[in-house]
Number of protein chains: 2
Amino acid sequence: MPEPLYRRIAEDLLRRIESGEMSPGSQLPTELDLRESYGASRNTVRDALKWLITRGLVETRPGQGTFVVEEIDPFITTLSADPETGLGGGEGAAYLSEVRATGREPEATVPRVEIHQASGVVAAELRVDEATSVVSRHQRRLIDHTPYSLQTSFYPMDLVTRGATKLIEAADIEEGTVSYLSRTLGIKQAGYRDMITVRAPDRNETAFFKLPDNGRVAVFENFRTAFDQQGKPFRLTVTVYPADRNEFVINVGDVPARALRPGRPGAGGRRPGGQDSVSGSVGRNSREGLA
Amino acid sequence: MPEPLYRRIAEDLLRRIESGEMSPGSQLPTELDLRESYGASRNTVRDALKWLITRGLVETRPGQGTFVVEEIDPFITTLSADPETGLGGGEGAAYLSEVRATGREPEATVPRVEIHQASGVVAAELRVDEATSVVSRHQRRLIDHTPYSLQTSFYPMDLVTRGATKLIEAADIEEGTVSYLSRTLGIKQAGYRDMITVRAPDRNETAFFKLPDNGRVAVFENFRTAFDQQGKPFRLTVTVYPADRNEFVINVGDVPARALRPGRPGAGGRRPGGQDSVSGSVGRNSREGLA
DNA sequence: GCAAATTTGTTCGTATGTATT
DNA sequence: CAATACATACGAACAAATTTG
């Protein structure tokens, strides 16, 4: 009772991909060729390809063929505060310089400003009633002309009426909103809390990030709530990052300057699935529940 | 030319799930029933179900039927340092108490200790040659009897020969390794750096976490490098967390004590995919590239 | 404990549509 | 326009897992 045929075909192709026999970007034999070489029906071959597709190893292009996927050069966002500027990390103002520091070219759209009534999460995080008006500022961000993240910040409308009128202008706030709010209203960012989750992309995200519509690539979602000196939240920033091109770093305490990713983890070529990996080794004679 | 039939069926089922008409845990009509009610072939119905499966909305159980998935209560790991203890965050010693603080029951296996030669990532992060011996201590961790994470820590063998002999004992170090290394060798943890990625689970992880073998649920992988007062790395901890049951929090600067998740983000019921969500709204009249 | 019924899983064959070259 | 290659759809049969009688 061996494994089903489509699995055996998939595993064989997997082996050939991981061994380097088929390199990233190269084309696999056509479905009809595979049908012959494995002596299976075309549908079975397609089942094998689907198995590889959901694992992100290959992609199909109608009219062209099936290809080994090429990895995207990931961008690393540091979520903890910059020891220099004191605060920040992956946010609007700092974004452009952070990306440029890696020798890549950042782009960000002009903020799209909207006025909403605070809904569930926004109201809860900003600690305002659900009826309250909030300002949202939304930006799409790219690196080397590839979409890398979507960011939306929410501010209580209160801040605008108290004088921070630039918040409702559809233009960049060059100095950064932290600096701007400090200067105009005396609101200082004393700290922030990030809440990170992973979920499937929605329709908009799939379209903007050009993700395969098979729901394979997940997105990070980071909810950042910024607090002032009194511990009062004054901003909620929601940023969405496709997981196939983004990584995160958090520095706590005294950490030596990064040696610019000597050998980036995560990468290191394709992972040999099945062997004991760095983290794995969950018991070679596994399957025993717990001790 | 509307959307393909299997997609229309899938979207209809999606709507019925999101509307609450079919609640989490409930059973969908059988494939044969769906075949009749939609007037499609069984294969087409199965294509629709596959589409929902890869998006994590339903699951099939051979011999039983197709069910709307139930969400798992996520555990939130705080990666930043505890302001009290100074350091830590999701690590061995602190793990049990962190979980208990949420009213849930933690379990951790006895560490499995192994001696390896430092390989790629481990050697690079610990800044030792590839030939050097390192000690690894591996634990499986559960919450309420459900597997939640896998953790492996690597230490240069050096530390053992200098006197930290407990590192090669297959037993818990009650006080925590940070405290132990400080007491025996005077090595103080001055800080640490976390590098977070998301990837597909390997075979071991799929088995241990009981993930669907369709590669849908991704895992977080956190590489934590701990540094001593001289900025020298003395430990690398790799922790793997299934993304369907884990979230992360990072506190930077002064952040008020959390109001114990007033309304947890991430959740809020099922996401209405397609509508403008909190983060989304990437242009209702979207598809225009960039301004 | 076994047999039958139910339900999903695998595999084949075939035909036609759509995208790209 | 033609050829190529993947996408969708139908029908059919048997296998495997689970529940039920």
Side-chain angles (χ1 to χ4, degrees), chain A residues 1-14 22 25-69 206-207 210-216 287, chain B residues 1-14 22 25-69 206-207 210-216 287:
Chain A
M1 216 97 332
E3 292 205 324
L5 180 54
Y6 81 93
R7 275 294 286 274
R8 295 206 305 275
I9 296 175
E11 312 252 16
D12 185 61
L13 290 170
L14 172 63
M22 290 161 160
S26 68
Q27 181 169 9
L28 271 68
T30 68
E31 293 176 353
L32 292 185
D33 287 342
L34 292 171
R35 175 179 122 283
E36 301 222 334
S37 50
Y38 285 107
S41 75
R42 186 177 160 226
N43 278 335
T44 300
V45 167
R46 279 176 63 76
D47 281 344
L49 292 178
K50 266 178 213 156
W51 191 87
L52 292 170
I53 287 170
T54 62
R55 279 160 188 72
L57 292 161
V58 306
E59 62 186 354
T60 55
R61 302 182 206 139
Q64 296 189 53
T66 306
F67 301 83
V68 182
V69 299
T206 299
K210 298 184 178 55
L211 301 177
D213 87 327
N214 56 26
R216 191 187 57 75
R287 200 154 304 250
Chain B
M1 282 83 311
E3 292 206 322
L5 179 54
Y6 80 93
R7 275 293 286 274
R8 295 206 304 276
I9 297 175
E11 310 253 14
D12 186 62
L13 291 170
L14 172 63
M22 289 161 162
S26 67
Q27 182 168 10
L28 270 68
T30 68
E31 293 175 355
L32 292 185
D33 287 342
L34 293 171
R35 175 178 123 284
E36 300 221 335
S37 50
Y38 286 107
S41 73
R42 185 178 161 222
N43 278 334
T44 300
V45 167
R46 280 176 62 77
D47 280 344
L49 292 177
K50 267 176 212 157
W51 191 87
L52 293 169
I53 289 170
T54 61
R55 278 157 188 75
L57 291 161
V58 306
E59 63 186 353
T60 54
R61 302 182 206 140
Q64 296 189 54
T66 306
F67 301 82
V68 182
V69 299
T206 299
K210 298 184 178 56
L211 300 177
D213 86 327
N214 56 27
R216 189 186 60 74
R287 201 152 306 248

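What you see below is based on every heavy atom in this structure, not just the backbone, and it leaves out hydrogens, waters and symmetry mates. Residue numbering restarts at 1 for every chain, and letters A, B, ... go by the order of the sequence lines.
Across the interface with DNA chain D, nearest-nucleotide mapping of B:Arg61 and B:Asn43 shows B:Asn43 to be the residue nearer the 5′ end. Heavy-atom nearest nucleotides on DNA chain C were determined for A:Pro62 and for A:Tyr6, and the one closer to the 5' end corresponds to A:Tyr6.
One atom, CG of B:Asp47, and another, C1' of D:dC10, lie 11 Å apart when rounded to the nearest Å. Atom pair A:Phe67:CZ and C:dA19:C1' shows a separation of 13 Å (rounding to whole Å applied). Computed from coordinates, the A:Leu49 CG to D:dC6 P distance equals 8 Å when rounded to whole Å. As rounded to whole Å, 9 Å separates atom P of D:dA7 from atom NZ of A:Lys50. Residue A:Ile53 contributes atom CD1, which lies 13 Å from atom C1' of D:dA5 at whole-angstrom precision. Remark: C1' of C:dA15 and CZ of A:Arg46 are 14 Å apart, rounded to the nearest angstrom. Going from atom CH2 of B:Trp51 over to atom P of D:dA7 covers 17 Å, rounded to whole Å. If you take CD of A:Gln27 and C1' of D:dA5, they are 9 Å apart, rounded to a whole angstrom.
A heavy atom lying under 4.0 Å from DNA chain C marks none of the residues of residues 28-37 of chain A.
Residue B:Thr66 places none of its side-chain N or O atoms closer than 4.0 Å to OP1 or OP2 of C:dT7. Under 4.0 angstrom from either OP1 or OP2 of D:dA7 there lies at least one side-chain N or O belonging to A:Thr60. Side-chain nitrogen and oxygen atoms of B:Thr44 include at least one within less than 4.0 Å of the OP1 or OP2 phosphate oxygen of D:dC10.
Using a 4.5 Å heavy-atom threshold, the side chains of A:Leu52 and A:Arg55 count as separate.
Comparing atom distances between the B:Ser41 side chain and each of C:dG13, D:dA9, D:dT18 picks out D:dA9 as nearest.
Partners of A:Arg46 under the salt bridge (charged side-chain N to carboxylate O under 4.0 Å, His left out) rule, at least two apart in sequence or in another chain, are A:Glu31. Take B:Tyr6 and apply the side chain to side chain donor-acceptor pair (under 3.5 Å) test, not counting sequence neighbours, and it matches no residue. For A:Thr66, the side-chain contact (heavy atoms from CB on, under 4.5 Å) criterion is met by A:Leu28, A:Leu49, A:Val58, A:Thr60, not counting sequence neighbours. Residues meeting the side-chain contact (heavy atoms from CB on, under 4.5 Å) test with B:Ser41, sequence neighbours left out: B:Asn43, B:Thr44. Scanning for side-chain contact (heavy atoms from CB on, under 4.5 Å) contacts around B:Arg7 gives A:Asp213, B:Glu3, B:Pro4, B:Glu11, B:Trp51, with sequence neighbours left out.
With A:Arg42 as the partner, the side chain to side chain contact (heavy atoms under 4.5 Å, CB included) test is satisfied by one option alone out of A:Leu32, A:Leu34, A:Asp47: A:Leu32.
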